[in-house]
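Heads up: the structure comes next, in C-alpha cells.
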Amino acid sequence: MHFSRSTNLGLQIVAELSRQQAEASDSTRLTAAGISEALDASPTHVAKLISRLVDIGIVKSARGRSGGIHIVNGGLRCPLGQLIRHLEGQDFQVTRYIEPLTPKGSAQKKDHFRSILTDAEEKFYADLDRFTIADVLELNISGQHRMMKTP
C-alpha cells in the first residue's frame, strides 16, 4: 500500500506532536512552526495538515499569543484506518487505476474489477481500524496518558 506524502506527513505530525506534548509542561506552547522544524517539513504544508487534523478532531488549535496546538483528550484512541481515510481524502481510491487496466468496451469487466478493488480497499481500512493511533506510537513517554483519556 502506498500513502500520499501528505498522509505520511500527517502521521508524522501526530507522532511528533504526541511526543512534544508528552514531554512539555502544561504551560509550554506547542506550535505548527515547532512541529515543522522538528520534522524538517514545509511550514505551509504542516499548517494545512494540522488544520485537517483539527477538522478530524484529533488536534485542537488556538490562535493568538497564548494559543498553540495539542492532541485532544482521547485523540490517540482514534482508529488508525479512520485517520488515514481522512488524511487520504477522496483522492485515494483504488478505482482510479481501473481505466488503464481494462480494455475499452468491457464495462462489465470494469465494474467487476472496480468491485474487487473497492472491497479490498475497505478490508484494508477495516484491518487498520483494529488499531488506534496509540497502538503504533511509542507510549513509554510520561504524560501521554492524558491523550489516551476519553474526552
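All figures in this text were calculated on a predicted structure; none of them were measured in a lab.
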How far apart are the closest heavy atoms of [X] and [Y], and which atoms are they?
{"X": "S61", "Y": "V54", "result": "CB-CG2, 3.8 Å"}
{"X": "E88", "Y": "Y125", "result": "CG-OH, 4.0 Å"}
{"X": "G75", "Y": "I58", "result": "O-CG2, 4.1 Å"}
{"X": "R77", "Y": "T132", "result": "O-CG2, 3.4 Å"}
{"X": "S36", "Y": "A41", "result": "OG-O, 2.5 Å"}

For I71 and L76, run side-chain contact (heavy atoms from CB on, under 4.5 Å): C-alpha distance rounded to whole Å, both residues' side-chain angles, the deciding distance at 0.1 Å, then the answer. CA-CA 8 Å; I71 294 176; L76 296 181; 4.0 Å; yes
Looking only at atom types and distance, does a side-chain atom of Q12 sit under 3.5 Å from a main-chain N or O of L39, one as donor and one as acceptor?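 Checked: no pair found.
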Which salt bridge (Lys or Arg N to Asp or Glu O under 4.0 Å) pairs, counting each pair once, include a residue from residues 29-38, with sequence neighbours left out?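 Checked against salt bridge (Lys or Arg N to Asp or Glu O under 4.0 Å) - neighbours excluded - no pair reaches residues 29-38.
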Is any side-chain heavy atom of [Y] closer than 4.5 Å to one of [X]?
{"X": "L80", "Y": "D135", "answer": "no"}
{"X": "L17", "Y": "I50", "answer": "no"}
{"X": "I133", "Y": "L137", "answer": "yes"}
{"X": "I35", "Y": "L30", "answer": "no"}
{"X": "L53", "Y": "L87", "answer": "yes"}
{"X": "L83", "Y": "L11", "answer": "yes"}

Could you tell me whether R85 and D129 have a side-chain N and a carboxylate O separated by less than 4.0 Å?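 Looking at D129 together with R85, the answer is yes, because their closest N to O distance falls below 4.0 Å.
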Run the salt-bridge test on K123 and D119 with the 4.0 Å N-O cut-off and return the result as yes or no.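 Between D119 and K123 there is a salt bridge, with a charged N closer than 4.0 Å to a carboxylate O.
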If hydrophobic clusters are built by linking Ile, Leu, Val, Met, Phe, Trp and Tyr wherever their side-chain heavy atoms come under 4.5 Å apart, do I56 and F3 end up in the same one?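 Hydrophobic grouping puts I56 with F3.
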Give, for atom CD of E23 and atom OG of S18, the distance between the pair rounded to the nearest 0.5 Å.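 Atom-to-atom, E23:CD and S18:OG are 9.5 Å apart.
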To the nearest 0.5 Å, how far apart are CD in Q20 and OG1 in T28?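 One gets 10.0 Å once the value is rounded to the nearest 0.5 Å.
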Just by distance, no angles: are the side chains of T118 and S115 close enough, under 3.5 Å, to form a donor-acceptor pair?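 Their side chains do not contain a donor-acceptor pair, so the 3.5 Å distance test is not met.
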Output every pair passing side chain to side chain donor-acceptor pair (under 3.5 Å) with a member in residues 38-58, not counting sequence neighbours, ordered by first then second residue.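 Residue pairs passing side chain to side chain donor-acceptor pair (under 3.5 Å), neighbours aside: S6-H45.
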